[in-house]
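Only one structure is covered here, and it is reproduced in the block below.
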Amino acid sequence: MISRSTPPIPLYSQVETVLASNMADGALPVGSQLPPEESLIERFGVSRTTVRKAIQNLEARGLIQIQRGKGTFVAQRKITQELTELTGFVEDMQAVGRNATARLIDKRIVPAGEIAGQQLGLAAGTLVVRIQRVRLADGAAVSFDETYLPLEIGKKVMTDDLATEPIFSLLEQKYDIPLVEAEYKLEAVSAEPAVAQALGLETGAPIFLIERTSYRAGNLPIDYEKLHYRGDMIRFVTRLARRTAGESVRVKDL
């Protein structure tokens, strides 16, 4: 039974808080099913409307997933990744206290497609190295990464242990190629069969696709990636400064 305090806290908020606490302390672990509505009504001594409002709020916060015809389940907590500087997957996971690992799927020399070639400043059909890996956080698959590298440096990277060594670290620390900046393109797409299989999803499931081209000094592209992130496991955050009116005028004058 929940309390009817003074000043009053909405009953649905109290139910929501208790259930969220149960998830945080492990009483309701990830993947477990929430009790049915009738049990929650009896447990908290509230109406069906109150329970449903609490459930809606928990779903909006990403704490639960409602699977039609199956029930309501505790969701894997989403990883919050800031898009404020150029970082690799291992650095991103370390920043949020997760253990990052990788599973190598494939590494081979292939002709560059039109987009990969364009992003690397090469003609379509030029030989490049393609590396495919699944990236994991605390053992759970989060991203399926396709990395394209120019042939010369790519052949060197292929000889490294790509299940344990991040490509960014190899480029910068082993091969002395500091990364200066990158261009990001982010969109929501449906998972293709190969991507879905790698991430443990159904074909067509919604995912985030990031296309990232990283540059070395001299504005030279060195690394083009297609990063396929599970949409149910990650959220991206950034903070943008607003251009002042004076700056807008100066840009127009240019």
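Both backbone and side-chain heavy atoms feed into the values below; hydrogens, waters and symmetry mates do not. These numbers were taken from a predicted model, which means no experiment stands behind them.
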Apart from Leu199 itself, residues in the same hydrophobic cluster as defined by side-chain heavy atoms under 4.5 Å
Ile105, Val134, Leu136, Phe144, Val189, Val195, Leu201, Ile207, Leu209
Can you tell which of Arg135, Arg212, Arg133 makes a side-chain hydrogen bond (donor to acceptor under 3.5 Å, both in side chains) with Asp145?
Arg135
Pairwise distance OG1(Thr84) to CZ(Arg239) - rounded to 0.5 angstrom
11.5 Å
Who are the salt bridge (charged side-chain N to carboxylate O under 4.0 Å, His left out) partners of Asp176, not counting sequence neighbours?
none
Contacts of Lys53 meeting side-chain contact (heavy atoms from CB on, under 4.5 Å) (sequence neighbours excluded), chain-then-number -> Tyr12, Gln56, Asn57
So which heavy atom on Gln33 is nearest to which on Lys70, and how close?
NE2-O, 3.1 Å
Going by the salt bridge (charged side-chain N to carboxylate O under 4.0 Å, His left out) test, which pairs reach into residues 81-97, not counting sequence neighbours?
none
Any Lys/Arg nitrogen of Arg61 or Glu16 sitting under 4.0 Å from an Asp/Glu carboxylate oxygen of the other?
yes
For Pro221 against Asn219, the heavy-atom pair lying closest together
CD-O, 3.6 Å
State, yes or no, whether a side-chain contact exists between Ile66 and Ile55 at a heavy-atom distance under 4.5 Å.
yes
Quick test of your reading: applying ring-ring contact (aromatic ring centres under 6.0 Å, His included), list the pairs with at least one residue in residues 146-193, sequence neighbours left out, ordered by first then second residue.
Tyr148-Tyr224
Just wondering, are more than 12 heavy atoms of other shown residues or ligands nearer than 6.0 Å to CD1 in Ile115?
no
For Val96, enumerate each residue passing the side-chain contact (heavy atoms from CB on, under 4.5 Å) test, keeping only those at least two apart in sequence or located in another chain.
Ile79, Arg98
Give the cluster check for Leu83 versus Val142: same hydrophobic cluster or not, with ILVMFWY residues linked at side-chain heavy-atom distances below 4.5 Å.
yes
Can you find a pair of side-chain heavy atoms, one from Leu151 and one from Val128, that are under 4.5 Å apart?
no
Go through the structure and list residues passing side-chain contact (heavy atoms from CB on, under 4.5 Å) with Thr80, not counting sequence neighbours.
Arg235, Val237
Tell me, please, which residues at least two apart from Glu37 pass side chain to side chain donor-acceptor pair (under 3.5 Å).
Arg48, Arg52
Worked verdict on Phe44 versus Thr50 for side chain to side chain contact (heavy atoms under 4.5 Å, CB included):
CA-CA 10 Å; Phe44 294 110; Thr50 296; over 6 Å; no
Decide side chain to side chain contact (heavy atoms under 4.5 Å, CB included) for Val157 and Lys107; before the verdict, give the C-alpha distance in whole Å, the side-chain angles of both, and the deciding distance to 0.1 Å.
CA-CA 10 Å; Val157 171; Lys107 57 180 180 178; over 6 Å; no
Hey, is the main chain of Ala163 close enough, under 3.5 Å, to the side chain of Asp161 for a donor-acceptor pair?
yes
Does the side chain of Ile210 reach to within under 4.5 Å of the side chain of Phe236, using non-hydrogen atoms?
yes
Exceeds 12 heavy-atom contacts within 6.0 angstrom, atom CD of Glu152:
no
Closest non-hydrogen contact found for Ile222 with Leu120 is C-CD2, 4.0 Å
Could you give me the CA-CA distance, side-chain angles and deciding distance for Leu179 and Glu172, then say whether side chain to side chain contact (heavy atoms under 4.5 Å, CB included) is met?
CA-CA 7 Å; Leu179 303 175; Glu172 294 187 313; 3.6 Å; yes
Pairs meeting criterion ring-ring contact (aromatic ring centres under 6.0 Å, His included) with involvement of residues 56-83, two or more places apart
none
Please answer whether the main-chain N or O of Glu211 pairs with a side-chain N or O of Lys185 as donor and acceptor at a distance below 3.5 Å.
no
Taking all non-hydrogen atoms of both residues, which atom of Gly125 and which atom of Pro111 are closest, and how far apart?
O-CB, 3.8 Å
Nearest 0.5 Å please: distance from the CG atom of Leu19 over to the CG atom of Leu58.
6.0 Å
Separation between CD1 (Ile167) and CG (Leu149), nearest 0.5 Å, reads 5.5 Å
Hydrophobic side-chain clustering at under 4.5 Å (ILVMFWY, transitive links): who's grouped with Leu240? Put none if nobody.
none
Tell me, which pairs form a salt bridge (charged side-chain N to carboxylate O under 4.0 Å, His left out) where one or both residues lie in residues 111-120, sequence neighbours left out?
none
Please report the shortest heavy-atom distance between Ala191 and Glu202, naming the atom on each side.
CB-O, 4.5 Å
Hydrophobic cluster (4.5 angstrom, side-chain heavy atoms) - remaining members for Val90
none
